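Every value quoted in this text rests on a predicted model; they were computed, and no experiment measured them. Index from 1, following the sequence. Every heavy atom of this structure was used, including side-chain atoms; hydrogens, water molecules and symmetry mates were not.
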Amino acid sequence: IPIIKVEDVYANEYYEANQAGYQPTLRLRISALNYSNEEELIYMGTIYTIIRPQEITADELVLVCERKIKNVKNN
């Protein structure tokens, strides 16, 4: 997904998401044309879960994301 801008996670947004069990760590502004309801994305080599998309304008979205934690199997 081509990124227009990386933004800071807002404090109130972090608090609200944390109450729902999420820990938002990344906000990416993208072109709405490049988003097809994906649930995950890779940014700078790290996998993120998309918590929610937020429409900014008719042409742009912000994806609020949380870093995905890998499942560790016990042997």
Under 3.5 Å, which donor-acceptor pairs link side chains of residues 57-66 to any protein atom two or more places apart or in another chain?
from	atom 1	to	atom 2	distance (Å)
T57	OG1	D59	N	3.1
T57	OG1	E60	N	3.0
E60	OE1	R29	NH1	2.9
E66	OE1	Q23	N	2.8

### Task
Answer yes or no: is there a side-chain heavy-atom contact under 4.5 Å between E39 and I50?
no
### Query
Are I56 and L33 connected, step by step, through hydrophobic side chains (Ile, Leu, Val, Met, Phe, Trp, Tyr) whose heavy atoms are closer than 4.5 Å?
no
#### Entry: N/O donor-acceptor pair under 3.5 Å between Y35 side chain and E38 backbone
yes
#### Entry: Atom of T25, atom of R67 and distance for their closest heavy-atom approach
OG1-N, 3.1 Å
### Query
Atom CG in L28, atom CG in N34: separation rounded to 0.5 Å?
12.0 Å
#### Entry: Any side-chain heavy-atom pair of I42 and Y48 under 4.5 Å
no
